[in-house]
Amino acid sequence: MDAQHLDLLYLIVAAAVATYVTRFGGYVLITQLKNIPPRIESALNAVPAAVLTTLVAPAFVYGGMDVAAAMLVAFVIGLRFSALRMLLVGWITVMMIRHLIM
């Protein structure tokens, strides 16, 4: 194994250890608290929206016209109907655009 591959392996292991330590440390910290302070609870409640944004925004910006249109249609459908219908309509939208336009 050459030096470049070994450096990459060390980087992967270091990232895995850092991820594990931060997740385990957060779990230990939260379990030691009798009452979760309101600011921490607010921050924890914001995590799902932040994660969703980091997943959706790049796909919307760089995914192409078909992906952006499907996301907009799915968003509008998601305001009124269930998640399954939202996913189905989004998938149908992207497939129709890819088949008919692109």
Side-chain angles (χ1 to χ4, degrees):
M1 192 178 279
D2 63 353
Q4 185 178 9
H5 287 107
L6 198 55
D7 288 344
L8 182 61
L9 181 63
Y10 288 148
L11 179 64
I12 291 170
V13 170
V17 168
T19 300
Y20 178 76
V21 167
T22 56
R23 289 180 183 211
F24 185 71
Y27 172 76
V28 169
L29 178 67
I30 291 294
T31 57
Q32 298 301 317
L33 296 174
K34 290 187 174 43
N35 295 342
I36 298 175
R39 293 185 81 164
I40 293 177
E41 188 172 355
S42 295
L44 290 173
N45 288 334
V47 168
V51 170
L52 184 61
T53 303
T54 61
L55 296 174
V56 170
F60 184 81
V61 172
Y62 301 112
M65 181 194 73
D66 55 339
V67 175
M71 285 182 168
L72 288 173
V73 169
F75 174 75
V76 170
I77 294 297
L79 293 174
R80 177 74 174 103
F81 298 104
S82 68
L84 183 59
R85 284 187 186 175
M86 176 188 68
L87 292 172
L88 183 63
V89 170
W91 178 77
I92 289 170
T93 303
V94 81
M95 289 299 118
M96 282 178 40
I97 291 172
R98 287 180 181 175
H99 181 70
L100 298 174
I101 297 175
M102 297 183 139

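- Residues Ala70 and Gly90 approach most closely at CB-O, 3.4 Å, considering heavy atoms.
- Following chains of ILVMFWY side-chain contacts shorter than 4.5 Å, one cannot reach Val73 starting from Leu88, and the two form parts of different hydrophobic clusters.
- For CE of Met96, the number of neighbouring non-hydrogen atoms (other residues, nucleotides, ligands) closer than 6.0 Å is 12 at most.
- Put simply, the side chain of Asp2 reaches to within 4.5 Å of the side chain of His5, judged on heavy atoms.
- Smallest separation of non-hydrogen atoms from Val51 and Thr54: O-OG1, 2.7 Å.
- To the nearest 0.5 Å, atom CG of residue Leu29 and atom CD1 of residue Ile36 are 9.5 Å apart.
- One hydrophobic cluster holds both Leu55 and Val47 under the rule that ILVMFWY side chains link at heavy-atom gaps under 4.5 Å.
- Connection of Phe60 to Leu52 is established within a shared hydrophobic cluster, with ILVMFWY side chains joined at heavy-atom distances below 4.5 Å, either directly or through further cluster members.
- Here CE of Met65 is found 10.5 Å from CZ of Arg98. Values are rounded to the nearest 0.5 Å.
- Aromatic ring orientation, Tyr20 versus Phe24: parallel (interplanar angle below 30°, classes split at 30° and 60°).
- Around the CG atom of Asn35, the shell of radius 6.0 Å holds no more than 12 heavy atoms that belong to other residues, nucleotides or ligands.
- When the side chains of ILVMFWY residues are joined at heavy-atom separations under 4.5 Å, either directly or via intervening members, Phe75 and Leu72 end up in two distinct hydrophobic clusters.
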Requested in this report: Might you work through the side-chain contact (heavy atoms from CB on, under 4.5 Å) test for Ile40 and Ile30, ending with a clear yes or no?
Outcome: CA-CA 10 Å; Ile40 293 177; Ile30 291 294; 4.3 Å; yes
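- Atom CE of Met71 sits about 10.0 Å away from atom CG of Asp66, to the nearest 0.5 Å.
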